[in-house]
Amino acid sequence: MFKAKILLIGPTESGKTVLANFLSDTTETVGGEYSPTQGVRILEFESQNQGSGDKSTCDVELWDCAGDFKFESCWPALMKDSNGVVIVFNPDVPSHLKEIETWHAMFIAPQGLQDAQCLLISHHKPGSGDSDERLPLAAHLSRLPLIPSNLEDEPEEVRQAFHRYLGNIVTTLSESREREEMSIIT
């Protein structure tokens with residue numbers, strides 16, 4: 001069994017905590033009053049892998065990271081030993097499209113993560129529009145997988161897409177483990 005540490009990052013009020021709670025089955029509600037995360041929340045759960053060739057389970061640590069830059073000094077510690085990064089943003093907030101470039105530069109680029117270890121979630125709040133046609137993403141961001149998220153209309157599609165992403169993480173971990181074992185043998 002693999003253990004995956006996934007960071008959920010992005011601008012403030014983008015819906016990271018709502019998504020983290022939903023994906024970890026912590027709560028069924030998708031609405032509620034906004035309360036900003038202070039530092040980080042770690043949610044642990046088991047996930048059935050999809051897309052990794054096997055149907056094994058994976059222990060997941062989903063790190064719901066605060067979007068406030070006042071916690072920037074903690075970010076290197078959060079990144080330590082992470083296996084993947086999910087950037088959540090609200091496409092209805094124009095500044096988020098620019099802010100996610102900063103999040104990429106601070107969390108993904110320094111770790112040298114492969115595109116398969118990264119994910120963008122375009123999260124729409126309840127009652128907002130949900131058109132993600134041709135978001136004006138920077139070139140380095142447009143290479144990353146993008147999941148449109150609307151937990152009111154299509155919650156299971158979001159969950160299934162996240163499980164496929166976790167399958168990619170497990171594949172990456174498995175390949176890394178195999179390379180490490182081969183280097184010991186040779």
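- Shown here are the side-chain contact (heavy atoms from CB on, under 4.5 Å) partners of Pro36, two or more places apart in sequence or in another chain: Tyr34, Gln38.
- Glu13 pairs by the salt bridge (Lys or Arg N to Asp or Glu O under 4.0 Å) definition with Lys125, not counting sequence neighbours.
- Looking at residues two or more places apart in sequence or on another chain, you find no side chain to side chain donor-acceptor pair (under 3.5 Å) involving Thr172.
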Listed pairs under 3.5 Å, donor-acceptor, residues 62-70 side chains, sequence neighbours left out:
residue	atom	partner	partner atom	Å
Trp63	NE1	Glu61	OE1	3.0
Asp64	OD2	Thr17	OG1	2.6
Asp64	OD2	Arg41	NH1	2.7
Asp68	OD1	Lys70	N	2.9

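- Taking Phe45 as the reference, nothing meets the ring-ring contact (aromatic ring centres under 6.0 Å, His included) condition, with sequence neighbours excluded.
- In this structure Ser95 satisfies the side chain to side chain donor-acceptor pair (under 3.5 Å) test together with Glu99, sequence neighbours excluded.
- With sequence neighbours left out, Arg177 forms a salt bridge (Lys or Arg N to Asp or Glu O under 4.0 Å) with no residue at all.
- Pairs of residues two or more places apart, or lying in two chains, that qualify as salt bridge (charged side-chain N to carboxylate O under 4.0 Å, His left out) and include a residue from residues 101-119 are Lys98-Glu101, Asp115-Arg143.
- Contacts of Ser142 classified as side-chain contact (heavy atoms from CB on, under 4.5 Å), with partners at least two apart in sequence or in another chain: Leu137.
- Remark: Glu46 pairs with no residue by the side chain to side chain donor-acceptor pair (under 3.5 Å) rule, at least two apart or across chains.
- Residues satisfying the side chain to side chain donor-acceptor pair (under 3.5 Å) test with Glu156, not counting sequence neighbours, are Arg159.
- The ring-ring contact (aromatic ring centres under 6.0 Å, His included) test applied to His96 returns no partner, not counting sequence neighbours.
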